[in-house]
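Step one of this worksheet: look at the structure below.
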Amino acid sequence: MDETTRKNQIWILVIVAFLSLVSIVTYMMNEYYIYLTAYLWFGFVYGMSLQYGRFCFSSAFRDLFAVGVPRMAVGIMIAMVLFGIVSAFVTAVGMSTFHAAPYGVHSVIAGLIFGVGMVLTGGCASGSLYKAGEGNGVAYLVILSISVTQAILADVGGWTNKLVPQSWHDSAVAKGLPATIDAGDGWMDQFLAGHVWDLPTTTYAEIVKLSNPYLAAYVGNVLVGIVLPAALILLGIYLIWVRKSFLHKRRKEGLPSEGLAVHLAGYWGMIAASRRTAIAGLVLGIAAGLHMFVMKGLQVKFGVQNFGELMQRMGITFGLSAKGTVFDPGYWYVTTQEAQWVGWVFNKLGWDNMHNIYFGLNNGIPNPMINPADWMSIALIGGAAVMALAHNEFKWKAPTLELAMWAVIGGALMGIGSRLGLGCNVGAFFVRVSQGDASGWLFGIGMIGGAYLGVRFFNWYTDRKMAKEMAACEL
Amino acid sequence: MAMKFEKKGEGAFLLDVTGYVCPHPQLYTKKALEKMQTGNTLEIVFDNPSSGESIASMCDTTGDEITEKTTNGGKYKWTVRKAERA
């Protein structure tokens with residue numbers, strides 16, 4: 001065993017021991033913290049899977065548009081189908097923690113802004129977390145930029161109030177929210193209470209109108225909501241990006257290159273091309289479904305619907321929202337806990353940011369040390385680091401000025417997109433599509449459009465740099 | 001460190017994208033291979049693991065052959081021979 005491998009193994013032990021210690025110590029403080037431990041270890045599994053499969057939602061459509069590589073788009077479709085199959089059962093037996101989000105044009109616009117941002121940064125919200133676990137300094141800047149942008153956007157008022165349509169303002173004020181929440185002040189509050197909350201919510205299970213809960217979940221949410229759109233998207237990818245080179249290869253090898261069977265072989269070959277990505281998609285899909293089941297089980301065990309209730313039982317009141325809740329999605333999520341820790345820091349620095357809907361009414365700003373969702377993200381970074389260390393792929397990399405600039409700009413766009421879309425590539429797309437929520441594909445369509453625009457921009461940008469380098473090479 | 005592309009010898013080129021994250025390494029690789037002649041080789045130096053996955057998939061699609069792969073401390077050095085395009 002060489003010195004690097006030995007050091008890596010020590011670091012793996014340190015990370016696993018630290019996360020185990022968090023679980024043990026918090027459980028010794030109070031058994032309610034098993035809730036935090038559940039989030040933590042699912043986060044760890046997500047991190048390991050993401051790093052193993054280089055599973056980044058950003059690369060799904062970016063690499064397709066930029067370099068014609070379909071592997072990640074395939075991986076995501078596999079993960080969503082499996083997540084959908086597991087969670088359809090969870091939904092049918094009444095153990096789902098998921099609630100559909102309002103759908104509308106805002107979902108597409110949010111996805112578009114998020115999509116451009118994730119191309120500029122080089123990673124989506126979850127991808128940046130796992131890349132942070134690989135020691136990538138750019139990813140830390142991206143996370144910081146997403147977090148700060150969201151925390152500011154959630155509370156910013158002043159001149160932004162002038163950008164709010166009167167109808168949103170009137171509708172927000174008429175909601176009759178608790179006195180501590182000033183819904184008539186702040187762009188985001190009026191956007192949420194005055195616009196988004198007035199929009200409808202639905203799932204494909206509701207659309208197909210099947211009374212049997214299993215049929216509704218499997219036919220509506222899985223077949224109509226995931227499998228058919230995913231199969232169509234993959235067919236489009238095959239026809240546009242894969243078919244030509246697949247047939248070229250077959251002709252070179254003297255194999256038949258016409259007929260349905262040939263194209264089916266090409267379609268399947270595309271799906272099976274990246275084993276690592278497919279395995280990661282499989283594990284992520286199953287783990288995400290189980291996560292939902294486990295969180296609901298703990299809620300039933302403790303007789304609560306939100307971790308905020310457990311905090312109150314433990315006598316902790318700082319950071320609770322006006323409803324006595326904290327952010328507790330009950331499934332994989334990324335961006336809100338990122339906003340929360342910066343919101344907590346801002347609050348400690350004297351910013352009174354608990355009069356808005358995002359922190360003050362819904363999510364709170366609990367101490368990050370006891371915030372279950374925060375530990376999910378920290379453990380995700382840890383899980384990715386363990387996997388990277390195990391494969392000798394961990395490397396600390398300081399960001400260059402050029403990449404730091406893209407990280408900050410792109411991260412800010414991702415932060416804005418996340419708040420407008422009520423989630424990121426995970427919360428607003430992966431989870432919602434997998435649960436049959438109609439808003440999921442709308443965010444996804446926007447995200448694909450944003451990825452296309454981002455790639456067009458980067459193509460222009462890198463063309464200029466490459467031309468300069470190539471000028472001296474007689475190419 | 002800035003991106004570097006240079007001629008190493010007759011029909012052999014070097015692309016150093018160390019320090020770059022996605023999508024830069026795969027974009028620069030694609031642009032370099034597009035400009036090169038069939039049979040030319042490109043040595044790519046990078047340290048972003050996910051770019052490796054994309055570059056390998058890209059070569060699989062185009063038919064370009066990865067003739068050498070080395071990894072040392074999170075730094076990758078791959079050599080790609082350009083194939084005839086479809």
* Quick one: what part of A:Glu134 sits under 4.5 Å from any heavy atom of chain B, side chain, backbone, both or neither? -> side chain
* **Side chain, backbone, both or neither of B:Asn72 within contact of chain A (heavy atoms, under 4.5 Å)** => neither
* Asked: For the atom pair OG (B:Ser50) and CD (A:Gln51), what is the distance rounded to the nearest 0.5 Å?
  -> 9.0 Å
* Heavy-atom pairs under 4.5 Å with chain B, option from A:Asn392, A:Leu403, A:Leu120 with the top count -> A:Leu403
* A:Thr4, part contacting chain B, at a heavy-atom distance under 4.5 Å -> neither
* Asked: A:Phe65 versus chain B, heavy atoms under 4.5 Å apart: side chain, backbone, both or neither?
  -> neither
* Structure fact -> Given the options A:Arg54, A:Lys395, A:Lys131, B:Pro49 meets side chain to side chain contact (heavy atoms under 4.5 Å, CB included) only with A:Arg54
* By a 4.5 Å heavy-atom criterion (distance strictly below it), what part of A:Ser58 contacts chain B: side chain, backbone, both, or neither? -> neither
* Measure the CE-CZ distance between A:Met470 and B:Phe13 for me, rounded to the nearest 0.5 Å. => 8.0 Å
* Structure fact -> Rounded to the nearest 0.5 Å, the OG atom of B:Ser57 sits from the CG atom of A:Asp63 at a distance of 8.5 Å
* Asked: What residue in B:Leu27, B:Thr61, B:Asp47 has the most heavy-atom pairs under 4.5 Å with chain A?
  -> B:Asp47
* Would B:Tyr28 and A:Glu469 count as a side chain to side chain donor-acceptor pair (under 3.5 Å) if you check the C-alpha gap in whole Å, the side-chain angles of each, and the deciding distance to 0.1 Å? -> CA-CA 11 Å; B:Tyr28 285 125; A:Glu469 290 287 313; over 6 Å; no
* Given a strict heavy-atom distance threshold of 4.5 Å, which part of A:Arg276 is in contact with chain B: side chain, backbone, both, or neither? -> side chain
* Which atoms of B:Glu84 come close to chain A, meaning under 4.5 Å heavy atom to heavy atom: side chain ones, backbone ones, both, or neither? -> backbone
* Structure fact -> If you tally heavy-atom pairs under 4.5 Å between each of A:Met466, A:Lys252, A:Met270, A:His391 and chain B, the highest tally belongs to A:Met466
* To do: With a 4.5 angstrom heavy-atom cut-off, could you sort out which part of A:Asn136 is near chain B: side chain, backbone, both or neither?
  => side chain
* To do: Would you check, one step at a time, whether the test side chain to side chain donor-acceptor pair (under 3.5 Å) holds for A:Asn459 with B:Lys31?
  => CA-CA 9 Å; A:Asn459 255 330; B:Lys31 288 177 195 300; 2.8 Å; yes
* **Contacting moiety of A:Val138, where chain B heavy atoms sit under 4.5 Å** => side chain
* To do: Under 4.5 Å, counting heavy-atom pairs only, tell me which of A:Thr277, A:Leu247, A:Leu401, A:Val69 racks up the most with chain B.
  => A:Val69
* Structure fact -> One should read off an interatomic distance between A:Lys397 NZ and B:Lys75 NZ, to the nearest 0.5 angstrom, of 11.0 Å
* Given the options A:Arg251, A:Met72, A:Lys465, which has more heavy-atom pairs under 4.5 Å with chain B than any of the others? -> A:Lys465
* Asked: In terms of heavy-atom pairs under 4.5 Å with chain A, which of B:Glu6, B:Met36, B:His24, B:Gln37 leads?
  -> B:His24
* Can you establish whether the number of heavy atoms outside A:Glu253 located under 6.0 Å from its atom CD is more than 12? => yes
* **Interchain contact, A:Asn8 with chain B, by part (heavy-atom threshold 4.5 Å)** => neither
* Asked: For A:Tyr452, does the OH atom have more than 12 heavy-atom neighbours from other residues, nucleotides or ligands under 6.0 Å away?
  -> no
* B:Asp60/A:Lys249 salt bridge by N-O under 4.0 Å criterion -> yes
* To do: Evaluate side chain to side chain contact (heavy atoms under 4.5 Å, CB included) for A:Glu393 paired with B:Tyr76, printing each intermediate quantity in order.
  => CA-CA 10 Å; A:Glu393 291 176 336; B:Tyr76 302 80; 3.3 Å; yes
* Asked: What part of B:Ala32 lies closer than 4.5 angstrom to a heavy atom of chain A: side chain, backbone, both or neither?
  -> both
* **Leading residue by heavy atom contact count with chain A [cutoff under 4.5 Å; candidates B:Lys35, B:Glu53, B:Lys30]** => B:Glu53
